[in-house]
Peer 1: 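Here's a structure for you.
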Amino acid sequence: MEILIISGLSGGGKSKAASFLEDIGFYIVDNMPAAMILKFAEFCAGGNGRYDRVALVYDVRTANTFTELFEVLDTLKAKGVCRMLFLEASPETVIKRYKETRRRHPLRDDVDSLAEAVRQERELMEPIKARADFVIDTSNRSTAQLRSELLSLFGCEGEKGGMSVNVTSFGFKYGLPLEADLVFDVRFMPNPFYVEELRHQTGLDRAVADYVLSFRQNQDFLARLKDLIGFTLPLYAEEGKTGLVIAVGCTGGHHRSVAVTHALTEFIQSQGYRVSENHRDMERES
């Protein structure tokens, strides 16, 4: 079991961090009082693996005193199951973010200005920052850069940018998949539909796949498609994309697109990405 406590300044990026961590498999709980953390940890330990990775957001709204939180941290760290992430930003950046979002700072009612609220919170949260295992200043980090750093710190081995890829085949005569990010048309390939013994099979059958890939131009296309996908996937991940849909289409979505989709899925999986395969129109009657 892994428990990550996310803390930091209001406007420092805790909500974005929690969202990114949720994308890579953490179960997120916002604003949990320190008094409840140990009980929640016991609950997670008995969750049959469902709550193996938990991130708890703890901020100034909960922080009447840090004594209880520090006791909880000491207990959990002694068991080797807890780390703490602290997110901060410069006062100027925090003030700018609050003005852009028009949200109200949690300490604003107690002081004369937003600048004073930011100053007081920074001072108040200093003991928390001193106990953190990781401190990230988000002042000059883009959303993609923050996501990349969190993935580097907390992502599972083998995850590529935390991005999931879905490869789907389809038939053009039934319309384009609306969710597609990239669309490739393989209707130029010789069609197994016109080979009597292949007509009632699909691109998942070995005979059809062998037929589709028996042509030199099809082999060249697939090799170049793999080069293109292998080049662009890391760039999408670096930019912060969490999901990519690649659609491969032929006329009816039974033969050529299915065979190419299956081959492309195997390639993407070999590159270490989380990938799923779908054949939207394969079961439709021709």
Side-chain angles (χ1 to χ4, degrees), residues 1-22 26-45 51 53-99 101 103-141 143 145-147 149-154:
M1 183 177 67
E2 177 183 4
I3 295 177
L4 177 67
I5 295 179
I6 307 171
S7 190
L9 303 180
S10 304
K14 296 187 299 298
S15 295
K16 282 187 177 180
S19 177
F20 295 149
L21 289 165
E22 187 172 28
F26 279 83
Y27 181 83
I28 308 298
V29 181
D30 189 19
N31 200 23
M32 175 172 285
M36 297 177 60
I37 293 177
L38 289 180
K39 285 292 185 183
F40 186 72
E42 291 177 10
F43 167 77
C44 292
Y51 305 106
R53 308 184 81 200
V54 176
L56 309 177
V57 183
Y58 183 92
D59 61 26
V60 72
R61 293 171 296 169
T62 321
N64 294 324
T65 174
F66 298 135
T67 303
E68 196 165 27
L69 175 64
F70 292 158
E71 290 174 352
V72 168
L73 281 174
D74 291 340
T75 300
L76 294 176
K77 286 191 174 186
K79 297 178 180 179
V81 298
C82 183
R83 295 182 290 178
M84 186 160 69
L85 167 68
F86 189 92
L87 294 137
E88 64 176 355
S90 69
E92 296 79 12
T93 300
V94 172
I95 290 172
K96 180 181 177 182
R97 289 173 180 171
Y98 267 98
K99 286 186 175 180
T101 62
R103 292 171 50 223
R104 192 168 184 83
H105 192 282
L107 301 184
R108 182 64 182 85
D109 292 339
D110 302 324
V111 294
D112 295 331
S113 66
L114 175 58
E116 179 61 17
V118 171
R119 187 196 68 76
Q120 284 196 15
E121 184 189 26
R122 180 176 294 272
E123 184 178 307
L124 179 66
M125 298 296 283
E126 191 61 35
I128 298 284
K129 178 181 175 182
R131 294 289 298 268
D133 299 283
F134 310 97
V135 177
I136 298 178
D137 188 329
T138 65
S139 300
N140 299 309
R141 280 181 171 81
T143 298
Q145 288 171 334
L146 175 59
R147 186 176 183 279
E149 184 159 359
L150 292 173
L151 180 73
S152 176
L153 290 173
F154 307 111

Peer 1: Measure up the F26 and F154 rings against each other and bin them: parallel (under 30°), tilted (30 to 60°), perpendicular (over 60°).
Peer 2: perpendicular
Peer 1: Starting at CG of L76, measure out to CE of M1 and round the result to the nearest 0.5 Å.
Peer 2: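 Spacing of CG (L76) from CE (M1) equals 7.0 Å.
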Peer 1: Set out, in order, the CA-CA distance, both residues' side-chain angles and the distance that settles side chain to side chain contact (heavy atoms under 4.5 Å, CB included) for M32 and V57, then state yes or no.
Peer 2: CA-CA 7 Å; M32 175 172 285; V57 183; over 6 Å; no
Peer 1: Between F134 and F86, does the ring centre distance come in under 6.0 Å?
Peer 2: no
Peer 1: Is the backbone of E2 close enough, under 3.5 Å, to the side chain of R53 for a donor and an acceptor to pair up by distance?
Peer 2: no
Peer 1: Does S90 offer a backbone N or O that forms a donor-acceptor pair with the side chain of S139 under 3.5 Å?
Peer 2: yes
Peer 1: Verify side chain to side chain contact (heavy atoms under 4.5 Å, CB included) between I136 and L153, making sure each step is shown before the conclusion.
Peer 2: CA-CA 11 Å; I136 298 178; L153 290 173; 4.1 Å; yes
Peer 1: Is it the case that R131 places NZ or CZ above or below the six-membered ring of F70, under 6.0 angstrom from the centre and within 45 degrees of the axis?
Peer 2: yes
Peer 1: Does the distance from a Lys or Arg side-chain N to an Asp or Glu carboxylate O, for D30 and K14, drop under 4.0 Å?
Peer 2: no
Peer 1: Going by an N to O cut-off under 4.0 Å, is there a salt bridge joining E126 and R122?
Peer 2: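 Here E126 does not pair with R122 in a salt bridge, since their nearest N and O are not under 4.0 Å apart.
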Peer 1: Any donor-acceptor pair under 3.5 Å linking the side chain of R108 with the backbone of V111?
Peer 2: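 Judged by distance alone, yes, a pair lies under 3.5 Å.
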Peer 1: Kindly say whether S15 contributes a backbone atom to a donor-acceptor pair with the side chain of S19 at under 3.5 angstrom?
Peer 2: no
Peer 1: Rounded to the nearest 0.5 Å, how far does CD1 of I28 lie from CZ of F20?
Peer 2: 12.0 Å
Peer 1: Is the CG atom of D110 crowded by more than 12 outside heavy atoms at less than 6.0 Å?
Peer 2: yes
Peer 1: Any chance CG of D109 has more than 12 other-residue heavy atoms, nucleotides or ligands included, within less than 6.0 Å?
Peer 2: yes
Peer 1: Keeping the roles fixed (side chain from T93, backbone from A89), state whether a donor-acceptor pair exists under 3.5 Å.
Peer 2: no
Peer 1: Please determine whether the number of non-hydrogen atoms from other residues, nucleotides or ligands lying under 6.0 Å from atom NZ of K16 exceeds 12.
Peer 2: no
Peer 1: Using modelled atom types and a 3.5 Å cut-off, is there a donor and acceptor pairing between side-chain atoms of T138 and backbone atoms of G12?
Peer 2: yes
Peer 1: As a test of understanding, state which of D74, V54, I5, V72 forms a side-chain contact (heavy atoms from CB on, under 4.5 Å) with C82.
Peer 2: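 One option only clears the test, and that one is I5.
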Peer 1: Spell out, as yes or no, whether a donor-acceptor pair under 3.5 Å connects the side chain of D133 to the backbone of M84.
Peer 2: yes
Peer 1: Might you point out which heavy atoms bring L69 and Y58 nearest each other, and give the distance in Å?
Peer 2: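 Heavy atoms only, the tightest pair is CD2-CE2, 3.3 Å.
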